[in-house]
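Each remark here refers to the structure printed beneath this line.
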Amino acid sequence: MSKESFELKTENDVVRFSMGSIVDNNGSQTKGRVKTKRVKMSKKAKLNELRFYRLKAKKKMTSPNPEVRIRYKLEKTENDVVRFSMGSIVDNNGSQTKGRVKTKRVKMSKKAKLNELRFYRLKAKKKMTSPNPEVRIRYKLEKAKRKEVWLIEKLRKFEVPKAPAETYDPEILTEEERHYLKRTGEKKKNYVPVGRRGVFGGVVLNMHLHWKKHETVKVICKPCKPGQIHEYAEELTRLSKGIVIDIKADNTIIFYRGKNYVQPQVMSPLDTLSKDK
């Protein structure tokens with residue numbers, strides 16, 4: 001977009017015209033705008049001028065007429081050049097860059113931080129005490145997700161590297177033996193619970209204590225996500241060296257200790273968390 005300028009100058013009875021360019025005293029054409037001397041303004045005048053331009057821009061931005069809003073956006077272009085970007089970001093040089101633009105963080109004062117904190121607290125309070133039940137439920141779900149992420153990050157500090165698994169040959173059981181062990185495991189009442197924390201040292205210890213008097217033990221996993229029961233079965237097989245006889249629909253696993261079972265000296269594996277942690 002180029003602005004046309006019309007200028008008339010007389011020098012020695014000679015008239016010069018210029019369209020789209022500026023003629024200097026020598027008669028040569030110069031491109032660009034004429035440099036004008038800036039008038040010194042007081043601080044109050046500057047503030048008033050700034051307010052005026054801000055109000056003018058706000059009126060254009062919030063205008064009900066879409067043509068006015070589009071024209072205002074086009075006026076904001078740099079050097080009378082309009083740049084469009086589809087799926088990528090255009091920088092000041094005109095080159096396209098992928099990804100998000102890195103913005104510098106502005107340092108905030110303590111008062112500003114406190115005000116921001118109060119604002120978020122009031123926002124949360126409004127959601128909690130909202131008459132709409134959908135808003136309250138959504139707020140509780142968001143809070144629970146944030147808490148879950150925070151707890152997972154906290155538990156990573158206590159993660160212990162898993163020890164290499166010892167090589168052992170699982171005992172081969174016939175179909176008749178499996179059926180017999182399944183029936184006896186269902187009838188017996190001895191069981192070990194696995195809660196929200198999952199598998200830790202105490203679960204394996206209790207399994208070995210049950211196997212001291214019984215051949216089978218039931219491991220009840222509640223609450224349990226879909227498909228998580230098989231992960232628990234694999235993990236407990238690796239840690240306890242037992243044999244999985246059956247996995248029931250009610251999230252119950254029946255474990256068999258083995259024919260040549262010998263109680264280990266250390267019943268709680270080292271690469272598992274304790275109950276305190």
If only atom types and distance count, is the side chain of [X] paired as donor or acceptor with the main-chain N or O of [Y] below 3.5 Å?
{"X": "K213", "Y": "H210", "result": "no"}
{"X": "K222", "Y": "D250", "result": "no"}
{"X": "S63", "Y": "K59", "result": "no"}

- Answer yes or no: is there an ion pair linking R138 with E142, defined by an N-O contact shorter than 4.0 Å? no
If every non-hydrogen atom of [X] is compared with every non-hydrogen atom of [Y], which pair is closest and at what distance?
{"X": "G242", "Y": "F255", "value": "C-CD2, 4.4 Å"}
{"X": "M128", "Y": "R136", "value": "O-CD, 3.1 Å"}
{"X": "T216", "Y": "G185", "value": "OG1-CA, 3.5 Å"}
{"X": "Y232", "Y": "C221", "value": "CD1-SG, 3.6 Å"}
{"X": "T129", "Y": "K125", "value": "OG1-O, 2.7 Å"}

- Checking salt bridge (Lys or Arg N to Asp or Glu O under 4.0 Å) for the pair R238/E235: CA distance, chi angles, key distance, verdict? CA-CA 5 Å; R238 183 182 70 81; E235 188 72 11; 3.0 Å; yes
- Task: Could you check if a side-chain atom of I220 sits within less than 4.5 angstrom of a side-chain atom of N251, using non-hydrogen atoms only?
- Result: no
- Task: Tell me, with the steps shown, if I245 and R178 meet side chain to side chain contact (heavy atoms under 4.5 Å, CB included).
- Result: CA-CA 6 Å; I245 300 297; R178 276 186 177 276; 4.3 Å; yes
